Amino acid sequence: MLRSKDLLGIRDLTPEEIKLIIDTASGFKDVLKRDIKKVPALRGKTVVNLFFEPSTRTRTSFELAAKRLSTDVINFSVPASSVVKGETLKDTALTIEALGADFVVVRHSSAGVPHFLSRILRASVINAGDGANEHPTQALLDLFTIRAHKKRIKGLIVVIIGDIAHSRVARSNIYALTKMGAKVRLVAPSTLIPLEVERLGVEVYNSVEDGIRGADVVMTLRLQLERQVKGFLPSPEEYFNLYGLTTERLRLAKKDAIVMHPGPMNRGVEIETEVADGPQSVILEQVTNGLAIRMAVLYLLSRRRRTR
């Protein structure tokens with residue numbers, strides 16, 4: 001059982017809780033293979049998607065996950081809400097809860113917003129991405145995908161290439177992978193590597209060729225241009241020449257290495273089309289696994305709430 005009513009970050013989870021979520025997701029993935037992809041596990045509950053940033057995969061995934069569990073779903077539209085009239089985040093959240101929300105899935109450009117909401121709401125708060133801080137369900141679906149292909153996580157060499165400094169996906173994956181015993185390598189230009197990141201138990205490389213050699217898993221990240229200021233990179237074209245994942249560079253990894261990307265992809269910037277669509281790519285499988293992981297998170301948080 002999960003210890004908290006909320007899922008705010010991987011940093012808060014124990015390895016046992018991570019394993020519980022992944023194991024539970026395995027059962028829900030079987031549900032998704034049925035002709036009728038629905039179970040009454042959370043019938044009568046209400047999930048509110050409170051997204052202050054654009055999202056396709058995560059918001060749609062949470063919406064489908066909730067519906068597969070038979071909940072009611074409300075997608076909160078910021079441009080059509082009282083936020084544009086000056087209503088505070090606190091008042092917006094309390095209003096949503098007063099309308100009967102059992103779960104609030106929040107994405108916000110400011111780090112710490114889910115933590116703030118968790119302190120003022122009785123509803124379960126799920127972090128769907130807060131600034132450059134964390135994106136816990138993305139890391140959980142990534143671990144789920146890795147385990148499905150490699151049958152283990154402990155001892156694997158996982159390489160994360162890209163904008164480490166601005167990526168909440170990278171941060172959550174570092175926490176998750178190191179907790180579960182993987183060896184994590186970060187590859188990026190020095191301008192996109194956080195200071196003293198080695199303290200998190202990772203290795204840092206400025207060369208793709210050196211970092212990718214012998215890898216079991218290669219994960220590329222989108223350049224977070226909306227969170228960067230000028231001067232981090234000469235140009236996207238130069239970035240691809242130095243750090244893009246190409247067929248030639250992938251040959252340096254193990255023959256059975258898998259290729260991952262959290263999306264959305266910038267083809268020809270972070271990754272070559274032939275690699276993104278190639279036989280080692282599990283990128284679309286990550287999307288499917290995200291649905292199972294989010295079903296598992298909602299289900300386990302609901303059980304936690306019932307036993308309080």
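Because the structure is a prediction, the values reported are computed rather than measured.
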Pair listing, side chain to side chain donor-acceptor pair (under 3.5 Å) test, anchored in residues 33-44, at least two apart:
none
Which residue pairs satisfy the side chain to side chain donor-acceptor pair (under 3.5 Å) criterion with at least one member in residues 273-282, sequence neighbours excluded?
Arg267-Asp277
Donor-acceptor side-chain pairing of Asp91 and Thr88 below 3.5 angstrom:
yes
Distance-only donor-acceptor check, side chains Asn241 and Glu237, under 3.5 Å:
no
Side chain to side chain contact (heavy atoms under 4.5 Å, CB included) partners for Ala176, two or more places apart:
Ile10, Ala139, Leu143
Name all residues meeting the side chain to side chain contact (heavy atoms under 4.5 Å, CB included) criterion together with Pro114; count only those two or more places apart in sequence or in a different chain, and write none if there are none.
Leu8, Val106, Val125, Asn127, Asp130
Apply ring-ring contact (aromatic ring centres under 6.0 Å, His included) to Tyr243 and list each qualifying residue two or more places apart in sequence or on a separate chain.
Tyr239
With sequence neighbours left out, the residues meeting ring-ring contact (aromatic ring centres under 6.0 Å, His included) with Phe240 are none
CG of Leu42 to CZ of Phe103: how many Å apart, nearest 0.5 Å?
5.0 Å
Working to the nearest 0.5 angstrom, can you tell me the gap between Gln138 CD and Asn173 CG?
7.0 Å
Can you give me the closest heavy-atom contact between [X] and [Y], atom names plus distance?
X      : Y      : answer
Lys45  : Asp102 : CA-OD2, 3.3 Å
Ser124 : Lys5   : OG-O, 2.6 Å
Ser190 : Asn206 : N-ND2, 3.6 Å
Gly162 : Ala188 : O-CB, 3.0 Å
Leu192 : Pro194 : O-CD, 4.0 Å

Excluding sequence neighbours, so at least two apart, what forms side-chain hydrogen bond (donor to acceptor under 3.5 Å, both in side chains) with [X]?
X      : result
Asp210 : none
Glu203 : Tyr205
Arg57  : none
Arg249 : Glu209

Please check: side-chain N/O of Ser55 versus main-chain N/O of Phe51, any donor-acceptor pairing under 3.5 Å?
no
Could you name each residue pair satisfying ring pair (Phe, Tyr, Trp, His ring centres under 6.0 Å) that touches residues 4-31, not counting sequence neighbours?
Phe28-Tyr299
Which ring pair (Phe, Tyr, Trp, His ring centres under 6.0 Å) pairs, counting each pair once, include a residue from residues 252-288, with sequence neighbours left out?
none
For Phe62, does the six-membered ring have the charged nitrogen or CZ of Lys67 within the cation-pi criterion, i.e. under 6.0 angstrom from the centroid and within 45° of the normal?
no
